[in-house]
Amino acid sequence: MDTSDAIKVRYQDYEILVDPDLAKEAKLEGKEHEIQRLLFVQEVFKDADKGERASAEDLENDFDTRQVMQAADEIFQKGEMQLTTDQKKEMREDKRKQIINMIARRAMDPKTGNPHPPQRVENALEEAGFHVDAMVDVEEQFDEAIEKIRPIIPVSLEEKTVGIKIPNDKAGKAYDLLKRKADMKEEQWGNEYFMAKIRLPAGALTELMEELQEMTGGQVQMSEEA
């Protein structure tokens, strides 16, 4: 089997080979995963380059299991992803585009009240010399990017407070999203609906509502608060 496209994940003296795209989504973007689908080769190695597999005794000694999948999952969770130079370059470029689009969606020009076009944001980031980290989530890099471009283009992250109402049977995943993307000011679980008051950047509201509507089949109601 050709493993040249695989990514190594190393933990202590062990290595696994994983699918690049699925592993990056799970490891760096927090998406749910099944270890069986992530593994490029369903083995745990002492040295993947040499094809040296870990024995069942090795796994039992260090992971308290003889099951490859259980050991592999722990290695993936705790280990460090060993990216090639090309893979890092590709990820850095992808995250650069995500950050540009995120700023264009969430921020606005306070002089006009309109969002900055992506090309203007990209030019400002380049002028500011902003370095995108391939291994850090884009949400964590957003604030730094904003601060870098403020001296170059005017940027406002004006916040809005809105009320959200979601049927209880659709509110589970939506609740997790709201906690990640907004400041939850109030929350209440009723007999039929979950209701909350949230505060977030005005430019991010449209993005959040689109995600919520998709997640709940269009059953989210929103009202602007004074």
Side-chain angles (χ1 to χ4, degrees), residues 21-22 24-34 94-125 128 130 132-133 136-226:
D21 296 328
L22 295 178
K24 284 184 284 189
E25 288 179 355
K27 188 79 168 170
L28 303 180
E29 300 172 23
K31 294 191 176 179
E32 294 183 4
H33 69 278
E34 295 178 2
D94 180 58
K95 292 197 172 184
R96 186 182 70 87
K97 291 178 180 177
Q98 290 183 52
I99 291 171
I100 290 169
N101 290 331
M102 188 180 292
I103 294 173
R105 289 195 307 268
R106 296 185 182 181
M108 63 182 181
D109 184 339
K111 296 178 180 178
T112 64
N114 296 322
H116 288 289
Q119 187 62 56
R120 185 184 299 162
V121 174
E122 182 176 5
N123 293 342
L125 286 171
F130 179 70
V132 178
D133 192 326
V136 177
D137 185 79
V138 292
E139 289 282 356
E140 296 180 33
Q141 301 185 68
F142 176 79
D143 289 342
E144 182 185 353
I146 289 291
E147 291 308 310
K148 285 283 189 179
I149 66 174
R150 279 191 193 279
I152 300 169
I153 58 175
V155 177
S156 172
L157 294 173
E158 177 189 351
E159 293 193 332
K160 279 190 174 181
T161 300
V162 298
I164 298 290
K165 184 178 179 181
I166 309 172
N168 283 342
D169 63 341
K170 302 288 185 180
K173 289 185 178 180
Y175 179 83
D176 293 337
L177 180 65
L178 288 169
K179 293 287 283 186
R180 289 201 314 271
K181 295 292 185 73
D183 181 12
M184 194 92 74
K185 296 296 185 181
E186 298 177 11
E187 58 182 89
Q188 179 181 348
W189 292 89
N191 292 332
E192 298 181 16
Y193 291 93
F194 167 73
M195 291 169 285
K197 183 182 291 187
I198 62 172
R199 187 166 179 81
L200 73 168
L205 181 57
T206 299
E207 177 186 359
L208 176 62
M209 285 303 299
E210 288 175 354
E211 290 186 68
L212 286 172
Q213 295 292 16
E214 181 178 353
M215 186 177 288
T216 64
Q219 297 189 52
V220 178
Q221 300 176 41
M222 184 194 77
S223 60
E224 292 201 21
E225 300 286 325

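Keep in mind that what you see is a predicted model, and the values were worked out from it rather than measured.
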Enquirer: Quick one: closest heavy-atom pair of Gln219 and Thr216, and the distance?
Expert: N-OG1, 3.3 Å
Enquirer: So, taking the atom named CZ in Arg180 and the one named CG in Leu177, what distance separates them when rounded to the nearest 0.5 Å?
Expert: 5.0 Å
Enquirer: Is a donor on one side and an acceptor on the other found under 3.5 Å between the side chain of Asn101 and the backbone of Pro118?
Expert: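 Such a contact is absent between Asn101 side chain and Pro118 backbone.
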Enquirer: Atom NZ in Lys197, atom OG1 in Thr161: separation rounded to 0.5 Å?
Expert: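 Rounded to the nearest 0.5 Å, the NZ-OG1 separation comes to 7.5 Å.
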Enquirer: Using 30° and 60° as the class limits, which term best fits the ring planes of Tyr175 and Phe194: parallel, tilted or perpendicular?
Expert: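 Perpendicular, since the angle between the ring planes exceeds 60°.
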Enquirer: Got a donor-acceptor contact below 3.5 angstrom from the Arg150 side chain to the Val155 backbone?
Expert: yes
Enquirer: Using only atom types and a distance under 3.5 Å, with no angle test, would you say the side chain of Gln141 pairs donor to acceptor with the backbone of Asp133?
Expert: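 A pair under 3.5 Å: yes.
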Enquirer: Under 3.5 Å, is there a donor-acceptor pair between the side chain of Lys165 and the main chain of Ser223?
Expert: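 Not at all, since once roles are kept as given, no pair shorter than 3.5 Å links the two residues.
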Enquirer: Check this for me: Glu34, atom CD, are more than 12 non-hydrogen atoms of other residues, nucleotides or ligands nearer than 6.0 Å?
Expert: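 At most 12 heavy atoms, drawn from other residues, nucleotides or ligands, come within 6.0 Å of this atom.
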Enquirer: Answer yes or no: is there a side-chain heavy-atom contact under 4.5 Å between Arg96 and Phe130?
Expert: no
Enquirer: Testing the basics here: between Ala124 and Ile153, what is the closest heavy-atom pair and its distance to 0.1 Å?
Expert: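 Nearest heavy atoms, Ala124 then Ile153: CB-CD1, 4.0 Å.
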Enquirer: Do the side chains of Leu178 and Leu208 get nearer than 4.5 Å, heavy atoms only?
Expert: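 Yes, close enough: below the 4.5 Å cut-off.
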Enquirer: Any side-chain heavy atom of Ile103 within less than 4.5 Å of one from His116?
Expert: no
Enquirer: Taking the side chain as C-beta and beyond, is there a heavy-atom pair between His33 and Leu22 under 4.5 Å?
Expert: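 The answer is no; the side chains never approach within 4.5 Å.
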Enquirer: Any heavy-atom pair between the side chains of Ile164 and Met209 that's under 4.5 Å?
Expert: yes
Enquirer: Do Arg105 and Thr206 come within less than 4.5 Å of each other through their side chains, counting heavy atoms only?
Expert: no
Enquirer: Do you know the tightest heavy-atom contact between Asn168 and Tyr193?
Expert: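 Heavy atoms of Asn168 and Tyr193 come nearest at OD1-C, 3.0 Å.
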Enquirer: Measuring from Ile99:CD1 to Glu140:CD, what's the distance to the nearest 0.5 Å?
Expert: 10.5 Å
Enquirer: side-chain contact (heavy atoms from CB on, under 4.5 Å) with Leu205: which of Glu159, Lys181, Lys160?
Expert: Lys160
Enquirer: Which heavy atom of Asp109 sits nearest a heavy atom of Pro154, and at what distance?
Expert: OD1-CG, 3.6 Å
Enquirer: Assess whether side-chain contact (heavy atoms from CB on, under 4.5 Å) is satisfied between Glu139 and Met102, documenting all intermediate values.
Expert: CA-CA 9 Å; Glu139 289 282 356; Met102 188 180 292; 4.1 Å; yes
Enquirer: So which heavy atom on Met184 is nearest to which on Ile198, and how close?
Expert: SD-CG2, 3.8 Å
Enquirer: What's the shortest heavy-atom distance between Ala174 and Ile166, and which atoms?
Expert: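 Nearest heavy atoms, Ala174 then Ile166: CB-CD1, 3.7 Å.
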Enquirer: Do Met215 and Lys170 have side chains that approach each other closer than 4.5 Å (heavy atoms only, starting at C-beta)?
Expert: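 A side-chain contact under 4.5 Å is absent here.
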Enquirer: Find the distance between CD1 (Ile149) and CD1 (Ile100) and round it off to the nearest 0.5 Å.
Expert: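 Spacing of CD1 (Ile149) from CD1 (Ile100) equals 10.0 Å.
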